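Note sheet for the following structure.
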Amino acid sequence: MATLFQHAVWKALEKIPSGKVTSYAALARYLETRAVRAVGSAVGKNPNAPQVPCHRVVRGDGTIGNYSGGEGVATKIRLLSQEGVEISEGKIVDFDTVFWEFTP
DNA sequence: TACATGACTATCC
DNA sequence: GGGATAGCCATGT
């Protein structure tokens, strides 16, 4: 059973536009919490994978982080690549440019 | 109820 | 600059 916290995370993910990425820290800040690890757990347990763009969430330093499903991180990289987010050596290229910051 | 774990981040060496 | 350590909150056992 998904908790309210998880629903809040998934709902926030849907706000991320195609071709952009965000970080767990930014997500946590938008949700007004410091539980970045809990956010990561919630995203990983997201039951609406195609509906929720969980692949658009990366680590704060621009690295991919982790992913569950398909071929794992490889799938995440491929999906981002298809949306116009270039990846190199497991890291986001021009991270500052493609980074999406949540806006109230 | 209490303990251990995790799709993380910040700090220290 | 890179690797290791500590801190963090929510979840699951």
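Predicted model, so just to flag it, every value in this text is computed and none were measured. The analysis underlying the following values was restricted to heavy atoms, covering all of them including side chains, and did not include hydrogens, waters or symmetry mates.
- A:Leu4 belongs to no hydrophobic cluster with other residues, because no ILVMFWY side-chain heavy atom falls under 4.5 Å from its own, directly or through intermediates.
- Contacts of residues 10-21 of chain A with DNA chain B (heavy atom under 4.0 Å): none.
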Output side-chain donor-acceptor pairs under 3.5 Å for residues 70-80 of chain A, partner residues at least two apart or in another chain, one line each.
unit_1: A:Glu71; atom_1: OE1; unit_2: A:Arg78; atom_2: NH2; d: 2.7
unit_1: A:Thr75; atom_1: OG1; unit_2: A:Glu71; atom_2: N; d: 2.6
unit_1: A:Lys76; atom_1: NZ; unit_2: A:Val57; atom_2: O; d: 2.5
unit_1: A:Lys76; atom_1: NZ; unit_2: A:Ile64; atom_2: O; d: 3.0
unit_1: A:Lys76; atom_1: NZ; unit_2: A:Asn66; atom_2: O; d: 3.1

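- The ring-ring contact (aromatic ring centres under 6.0 Å, His included) analysis of residues 34-53 of chain A, with sequence neighbours excluded, yields no pairs.
- Shown here are the side-chain hydrogen bond (donor to acceptor under 3.5 Å, both in side chains) partners of A:Arg34, two or more places apart in sequence or in another chain: there are none.
- A distance-only check finds a donor-acceptor pair linking the side chain of A:Trp10 to the backbone of A:Ala42 [under 3.5 Å].
- Reading DNA chain C from its 5' end, the first and the last nucleotide to sit under 4.0 Å from a heavy atom of chain A are C:dG7 to C:dG12.
- Every residue two or more places apart in sequence or in another chain was checked for a side-chain hydrogen bond (donor to acceptor under 3.5 Å, both in side chains) with A:Ser81, and none qualifies.
- Taking A:Glu101 as the reference, A:Arg29 meet the side-chain hydrogen bond (donor to acceptor under 3.5 Å, both in side chains) condition, with sequence neighbours excluded.
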Listed pairs under 3.5 Å, donor-acceptor, residues 85-93 of chain A side chains, sequence neighbours left out:
none

Protein heavy-atom contacts under 4.0 Å, written 5' to 3' over nucleotides 1-7 of chain B as B (base), S (sugar-phosphate only) or - (none), form the string -----BB
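- Sorted by first and then second residue, the salt bridge (Lys or Arg N to Asp or Glu O under 4.0 Å) pairs involving residues 3-19 of chain A (not counting sequence neighbours) form an empty list.
- For residues 45-58 of chain A, the pairs satisfying side-chain hydrogen bond (donor to acceptor under 3.5 Å, both in side chains) are A:His55-A:Glu83, A:Arg56-A:Glu83, with sequence neighbours left out.
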